[in-house]
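Data first, discussion second: the structure below is written as structure tokens.
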Amino acid sequence: MNKPKYYITTAIAYTSRKPHIGNTYEVVLTDAIARFKRKIGCDVFFLTGTDEHGQKIQLSAEAAGITPKAYVDVVAGEVRAIWDLMNASYDKFIRTTDEAHIKVVQKIFKKLYDQGDIYKGEYSGQYCVACEAFFTETQLAGGKCPDCGRDVTPTKEEAYFFQMSNYQDRLMKHIEAHPEFIRPESRKNEMVNNFLKPGLQDLCVSRTSFTWGVPVAFDPGHVVYVWIDALTNYISAIGYDPDEPSARYKKYWPADVHIIGKDILRFHTIYWPIILMALGEPLPEQVFGHPWLLFGAEKMSKSTGNVMYADDLAEQFGVDAVRYYVLSEMPFAADGTITYQTIIARYNSELANTLGNLVNRTVAMVCKYFDGVIPAQGELQDVDLDLIQTAGQTVKTVVEKMDELRVADALEAIFSLARRSNKYIDETAPWVLAKDEAQRGRLGTVLYNLLECIRIIGACLEAFMPETAAKIARQTGGASTDWDGVQRFGALQAGTRVGEPAPLFARLDEEKKLAEIAAALDAKYGGEAKAEKPDANRAEQPKAEEEQQTLVSIDDFAKLDLRVANVLSAERVAGSDKLYKLSLRVGGEVRQVVSGIAKHYAPEALVGKNVVMIANLKPVRLRGIESQGMILAAELGGSLSLVTTDEEIADGAKVR
RNA sequence: GGCGGUGUAGCUCAGUUGGCUAGAGCAAACGGUUCAUACCCGUUAGGUCGGUGGUUCAAGUCCACUCGCCGCUACCA
């Protein structure tokens with residue numbers, strides 16, 4: 001009666017565009033865990049939803065000529081439709097535009113401000129609109145946003161800050177005392193070494209540069225920035241309130257696990273716990289940063305045109321096959337890959353051959369030899385006991401693996417039992433037994449054991465492939481799949497009838513299927529989505545592709561203004577062991593360039609040298625000193641040599 | 001540059017606190033079988049366990065150095 005509670009969440013999906021299969025993976029993964037925990041008797045609450053505020057959305061909406069709310073309504077609808085299509089069994093779908101959520105965010109913000117964790121200050125830096133992030137000069141990549149490569153604009157605004165450093169020591173102690181808090185382990189190290197040890201910066205938690213967000217209640221010009229808005233969904237969704245938290249909140253919080261992408265681990269393992277500490281609430285038991293699903297060798301991204309969508313895949317392969325693929329393909333800590341070819345290969349060998357055929361041949365034999373009536377189990381032989389023991393062990397392994405969130409390993413254990421069962425058929429050769437009336441009892445025992453294995457496989461599979469599990473249950477005669485019965489070999493009732501045998505997964509012809517997919521995608525997306533078509537060359541000849549990508553036209557090269565420059569002076573930059581501040585004469589002009597060659601050249605060796613510089617590189621500040629270009633040097637294995645001119649030539653000369 | 005991870009059969013990966021002839025799945029070859037979705041079962045991998053040098057009776061498994069990838073981060077032009 002007293003079920004242990006289990007609260008599990010996904011990250012909320014950002015509603016700037018329809019989620020691709022990589023985003024969808026997270027929901028499927030979380031769903032599998034949630035379903036499994038329910039199956040074994042936990043009182044599960046599974047939360048997912050959408051993150052709907054921010055400047056990017058505001059701009060997208062403006063571009064589309066609609067209000068931000070209208071915009072996010074559409075995308076949130078798409079998100080939810082895909083989650084539903086994939087059979088995500090969430091208990092609640094929260095949207096950060098929900099009234100209740102907004103109220104809680106405002107209350108939290110006020111509370112943190114009143115108690116002094118948040119103070120008002122000023123933020124200045126280079127701002128990237130697309131990424132909604134500020135960068136320091138030194139973080140920029142070639143003067144552009146280091147994340148997306150777009151232009152940034154210098155921006156200064158009044159803002160509220162959260163004093164993170166106040167909680168740093170407490171968080172550090174918590175992480176040390178709870179080794180399971182951050183998973184996988186290597187991620188924990190990254191967080192501790194890169195952020196906690198060096199010391200936390202105060203976090204900017206409001207914006208004035210856009211309006212699409214939760215207004216700060218006591219300072220309406222400000223909008224609550226993503227951290228406090230989005231992260232608090234985990235508690236607002238279940239009824240947190242600083243004054244009077246709901247019964248549901250008291251029951252479920254703290255979360256047992258937050259399932260998130262590895263890219264947002266920092267927010268969930270540093271900022272979020274600190275926010276909770278400031279609120280005086282307990283921290284989540286665990287944060288799991290799952291790896292990414294890559295398209296071939298590449299990160300999936302709309303801009304590179306290699307996106308796959310869950311609905312398109314489901315249309316081609318069926319929902320369960322897609323669920324199976326992403327769940328089984330993702331190792332615990334390393335990125336997984338997806339291509340049409342690999343899906344087809346796994347589909348055929350595992351779903352159609354190993355699993356589907358096992359069910360089909362077994363049920364067919366029961367029909368053929370026993371008129372569809374499940375025979376009774378008789379005396380057991382060694383082969384039987386070995387099989388039964390494997391089945392029992394499989395169930396235990398699945399539970400253990402799921403406890404560790406090793407979903408792919410759990411699935412592998414189940415399929416391993418399916419393979420063992422196929423082997424059992426070979427060992428017992430029912431078609432031989434069937435020819436001998438004296439062996440009828442033995443034949444019945446063999447088929448009974450097989451049906452039991454299939455029942456157990458089906459029940460274990462329920463969390464991963466719910467539709468397939470239901471089909472298996474139907475074909476094995478609607479046998480109960482409750483967890484008690486799963487743990488007991490022999491729970492199946494003899495004398496009842498099996499269902500009609502029907503293949504669970506039809507085998508696919510790779511060539512034909514690829515052509516079908518290409519046609520379907522072409523019909524749906526037309527010419528604009530050429531790159532989304534399955535392309536064997538793409539996955540199998542990455543080299544050729546790389547070479548193509550690195551080829552530039554003469555026009556690209558012409559964009560660079562390369563000049564001969566003469567070094568007038570070189571001095572070390574204070575506080576840096578590798579930077580020089582150089583003065584260069586370029587024609588009639590003197591340029592200041594900061595260059596990281598101090599370990600390779602003495603200052604006096606540089607003066608008077610001709611070097612080659614990029615004269616039209618966007619200036620940046622390095623170590624607080626403006627650098628108006630860069631000089632070229634060849635580098636290999638730690639040694640470095642400046643590019644210079646073969647014969648004397650006046651500085652300012654163009655290099656091409 | 002710092003920190004962390006990783007490098008094992010053609011491919012994807014397992015390999016506990018060091019100890020049998022280093023394993024699994026897929027692919028391939030050969031053989032068997034026919035209940036079944038041309039499916040299933042068996043046999044077959046002469047793998048320098050990235051490299052070098054150590055510790056040890058014994059090392060993918062520990063230590064040092066080294067090379068290649070990947071991640072996070074930075075004073076990387």
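Chain naming here is simple, since letters A, B, ... match the order of the sequence lines and numbering starts at 1 in each.
L358(A) comes within contact range of no nucleotide atom at all, as no heavy-atom separation falls under 4.0 Å. Nucleic acid contact for T354(A): sugar-phosphate only, since backbone atoms but no base atoms lie under 4.0 Å from a heavy atom of the residue.
Listed nucleotides: C41(B), C35(B), A77(B). Nearest to the side chain of N422(A): C41(B). Across A36(B), U33(B), A77(B), the shortest atom-to-atom separation from the side chain of V593(A) is found for A77(B). When distances are taken from the side chain of S349(A) to each of A27(B), A36(B), U34(B), the shortest belongs to A27(B). Ranking G71(B), U37(B), C40(B) by closeness to the R187(A) side chain, first place goes to G71(B). In the set C72(B), U33(B), A36(B), the nucleotide with an atom closest to the side chain of F195(A) is C72(B). Comparing atom distances between the E190(A) side chain and each of C41(B), G71(B), C40(B) picks out G71(B) as nearest. Side chain of A352(A), nearest nucleotide from U37(B), C35(B), C41(B): U37(B).
In this structure, K262(A) forms no cation-pi arrangement with F288(A), as its terminal cationic atom is not both closer than 6.0 Å to the ring centre and no more than 45° off the ring axis. Note that R440(A) lies in the cation-pi zone of F370(A), set by a 6.0 Å cut-off to the ring centre and a 45° limit from the axis.
Rounded to an integer number of Å, the gap from CG of L387(A) to P of C41(B) is 13 Å. Here the P atom of nucleotide G71(B) and the CG atom of N189(A) are 17 Å apart, to the nearest Å. Rounding to whole angstrom units, CG of residue D409(A) and P of G25(B) are separated by 15 Å. The distance from atom CD1 of I270(A) to atom P of C72(B) is 14 Å, rounded to the nearest whole Å.
Residue pairs satisfying the side-chain hydrogen bond (donor to acceptor under 3.5 Å, both in side chains) criterion with at least one member in residues 364-373 of chain A, sequence neighbours excluded, are absent.
When each of A345(A) and A502(A) is assigned the nucleotide of RNA chain B bearing its nearest heavy atom, the one mapping closer to the 5' terminus is A345(A). Residues N360(A) and R266(A) both approach RNA chain B. Their nearest nucleotides, taken by heavy-atom distance, put N360(A) toward the 5′ side.
Across G42(B) and C20(B), the matching C1' atoms stand 24 Å from one another, rounded to whole Å. With C1' as the reference atom, G47(B) and G60(B) are 12 Å apart, rounded to whole Å. Rounded to the nearest Å, the gap between the P atom of U8(B) and that of A14(B) is 10 Å. Taking atom C1' in both G10(B) and A28(B), the straight-line distance is 9 Å, to the nearest Å. With C1' as the reference atom, C26(B) and A9(B) are 12 Å apart, rounded to whole Å. Comparing A77(B) with C11(B), their C1' atoms are spaced 40 Å from each other, to the whole Å. Between the P atoms of G50(B) and A59(B), the separation comes to 15 Å (whole Å). When the P atom is compared between U17(B) and G7(B), the two are found 15 Å apart, to the nearest whole Å.
Between F415(A) and Y324(A), the angle of the ring planes lies from 30° to 60°, which puts this pair in the tilted group. The aromatic rings of F267(A) and Y271(A) are tilted relative to each other, their planes meeting at an angle between 30° and 60°.
Within 90° of 0 lies the glycosidic angle of G60(B), which makes this nucleotide syn.
With hydrogens and angles left out, the side chain of N194(A) and the base of G2(B) share a donor-acceptor pair within 3.5 Å.
For the pair K262(A) and G71(B), the criterion of a side-chain N or O lying under 4.0 Å from OP1 or OP2 is not met. Phosphate contact (OP1/OP2 of U73(B), side-chain N/O of N193(A), threshold under 4.0 Å): absent.
With a 6.0 Å radius and a threshold of 12 heavy atoms from other residues, nucleotides or ligands, D436(A) has its CG atom above the threshold.
Between H268(A) and P273(A), the shortest heavy-atom distance links the atoms O-CD, 3.2 Å.
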